[in-house]
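These figures come from a predicted structure and were not determined experimentally. For the numbers below, each heavy atom of this structure counts, side chains included, while hydrogens, waters and symmetry mates do not.
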Amino acid sequence: MAAPPVVIWEREVQQLLSPADLIPRLEDALGKFSRRDAAEVLQPVRTAVPLQKHGGFMGLMPTYMEKDGVLSTKFVCFYKREEGSTLPAVQATVVLLDPEYGNVKAVMDGEVITAMRTAAVSAISAKLLMPPQAEVLAILGTGKQALSHYRVFTEMFLFKEVRVWSRTKQGAARFIRSIDGPVQGCSSAEEAVRGADVIVTVTGSTQPVLFGQWVKAGAHVAAVGACRPDWRELDDVLMKEAVVYADSREGAMLESGDVILSGAEVFAELGDVINGTKAAHREKTTVFKSLGMGVEDAVSAQLVFDRWKAKAGKF
């Protein structure tokens with residue numbers, strides 16, 4: 001008889017997961033995914049169920065890594081909230097299963113995993129694609145993903161200046177209070193991104209908030225929001241002038257309004273660059289379109305579970 005599943009919630013997940021340990025595992029997972037070997041990673045494109053009454057979607061993100069013995073799925077509900085809403089924009093839970101028996105081994109908070117693995121993958125994109133000696137980081141958005149990206153990016157890289165923009169003064173003030181390091185609040189998105197070497201968009205916008213005419217030639221953009229085919233964060237000028245990378249080509253072609261509505265070509269997946277099969281065009285303006293993948297959740301959840309077992313003395 002299988003043991004009851006372990007439940008690992010927010011605070012403990014935060015204690016067990018760190019970007020320094022997670023990033024190498026994510027790089028390995030991205031490379032495996034892009035090799036398209038079903039024995040390494042089997043992952044369908046996310047299934048999204050509309051929650052029409054509540055203005056949201058439930059996403060289901062299953063992954064099986066046969067060689068690594070990892071089977072998991074994430075349930076994520078995400079919403080287009082009205083400005084000023086106190087309701088959460090994202091709620092997520094990750095389930096880890098035993099691939100041989102099929103029982104649930106662990107249920108864990110998915111919001112911490114989502115925030116950290118997403119920021120870590122964006123940081124991997126910057127490591128591969130941002131211009132050498134990048135000095136200025138701009139973040140558009142001030143929610144949980146903005147905080148996670150600030151923490152991971154300032155831990156991984158040495159920026160001389162960090163700028164942030166929010167649609168509201170309250171959002172920017174809350175963000176600045178929430179962090180330990182220096183950051184400059186900007187009154188407009190244009191002010192934040194002019195001259196920036198790296199730009200992170202983590203907004204809930206459905207219309208472009210970042211325009212190509214503002215973006216410095218050779219800058220790198222990590223575009224994290226707009227995860228539906230009719231949602232945008234970036235305008236056509238930027239999408240068509242940049243070299244576009246994605247975590248999953250199939251995911252981008254089905255889910256990314258920035259890619260679909262602009263007609264931009266996805267040049268490569270990050271895993272292709274990691275595997276050495278596609279070039280990292282650091283000398284050009286680059287966009288990494290992040291949709292998030294189940295394999296990212298799978299390796300993150302497995303790391304949390306392994307750390308939990310070691311801490312609990314369960315080997």
Side-chain angles (χ1 to χ4, degrees), residues 19-20 22-24 26-27 30-31 34 116-141 145-165 181-184 186 189-203 209-225 233-234 237-247 252 256 258-259 264 266-292 296:
L22 185 55
I23 283 171
L26 287 169
E27 289 177 324
L30 290 166
S34 291
M116 194 177 294
R117 63 82 156 149
T118 305
V121 172
S122 293
I124 291 167
S125 82
K127 183 174 81 167
L128 296 171
L129 301 169
M130 73 181 183
Q133 289 84 49
E135 296 183 344
V136 180
L137 169 67
I139 300 174
L140 305 185
Q145 281 287 4
L147 287 168
S148 178
H149 277 73
Y150 176 89
R151 288 165 182 154
V152 173
F153 272 64
T154 55
E155 182 177 319
M156 273 193 70
F157 310 113
L158 294 174
F159 293 104
K160 291 183 178 178
E161 185 181 351
V162 182
R163 308 171 189 162
V164 67
W165 168 79
V183 64
Q184 174 190 339
C186 296
E190 181 178 0
E191 180 189 348
V193 305
R194 285 280 187 187
D197 301 294
V198 180
I199 303 166
V200 176
T201 60
V202 278
T203 73
V209 293
L210 179 61
F211 294 84
Q213 65 184 21
W214 302 342
V215 177
K216 173 182 176 180
H220 175 61
V221 179
V224 176
E233 283 190 310
L234 317 182
V237 172
L238 177 55
M239 290 299 297
K240 289 179 178 178
E241 290 184 351
V243 182
V244 179
Y245 297 78
D247 41 16
S256 170
D258 287 319
V259 172
V266 177
F267 170 73
E269 295 175 343
L270 282 190
D272 295 325
V273 180
I274 291 166
N275 293 337
T277 57
K278 286 292 183 76
H281 286 292
R282 286 180 178 273
E283 76 285 359
K284 299 180 180 180
T285 304
T286 53
V287 167
F288 166 57
K289 181 56 215 172
S290 169
L291 274 307
E296 298 163 8

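The nearest pair of heavy atoms linking Thr203 to Glu233 is OG1-OE2, 2.6 Å. Shortest non-hydrogen contact noted between Val237 and Gly212 is CG1-CA, 4.0 Å. Contact detail for Lys127 and Phe157: the closest heavy-atom pair is N-CZ, 3.8 Å. Nearest heavy-atom pair across Ala120 and Ile23 is CB-CG1, 3.7 Å. Closest approach of Ala196 and Ala219 over heavy atoms only: O-CB, 3.6 Å. Considering every non-hydrogen atom in both Ala20 and Glu155, the closest pair reads N-OE2, 4.1 Å.
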Would Met239 and Val259 satisfy side chain to side chain contact (heavy atoms under 4.5 Å, CB included), going step by step from the backbone distance to the final call?
-> CA-CA 7 Å; Met239 290 299 297; Val259 172; 3.9 Å; yes
Applying side chain to side chain contact (heavy atoms under 4.5 Å, CB included), run through Thr285 and Leu238 and close with a yes or a no.
-> CA-CA 9 Å; Thr285 304; Leu238 177 55; 4.2 Å; yes
Check the pair Leu30, Glu269 against side chain to side chain contact (heavy atoms under 4.5 Å, CB included), reporting the backbone distance first and the verdict last.
-> CA-CA 8 Å; Leu30 290 166; Glu269 295 175 343; over 6 Å; no
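Taking NE2 from His220 and OG from Ser122, the interatomic distance works out to 7.5 Å, rounded to the nearest 0.5 Å. Rounding to the nearest 0.5 Å gives a distance of 5.5 Å between CD of Glu27 and CD1 of Ile274. One finds the NZ atom of Lys289 at 6.5 Å from the CG atom of Leu234 (value rounded to the nearest 0.5 Å). In this structure, the separation between CG on Leu140 and OG1 on Thr201 is 6.5 Å, given to the nearest 0.5 Å. Atoms CG and CE, from Asp197 and Met130 in turn, are 8.5 Å apart once rounded to the nearest 0.5 Å. Arg194 contributes atom CZ, which lies 11.0 Å from atom CZ of Arg163 (distance to the nearest 0.5 angstrom).
Partners of Tyr245 according to the ring-ring contact (aromatic ring centres under 6.0 Å, His included) rule, which considers only residues two or more places apart in sequence or in another chain, are Phe267. Applying the side chain to side chain contact (heavy atoms under 4.5 Å, CB included) rule to Ala246 yields the partners Ala252, Val266; only residues at least two apart in sequence or on another chain are considered.
Leu270 pairs in a side-chain contact (heavy atoms from CB on, under 4.5 Å) with only one of the listed residues (Leu128, Asp247, Asn275, Leu26), which is Leu128. Screening Val243, Thr286, Val221 for a side-chain contact (heavy atoms from CB on, under 4.5 Å) with Leu129, the sole residue that qualifies is Thr286.
In this structure, the side chains of His149 and Thr118 come closer than 4.5 Å at one or more pairs of heavy atoms.
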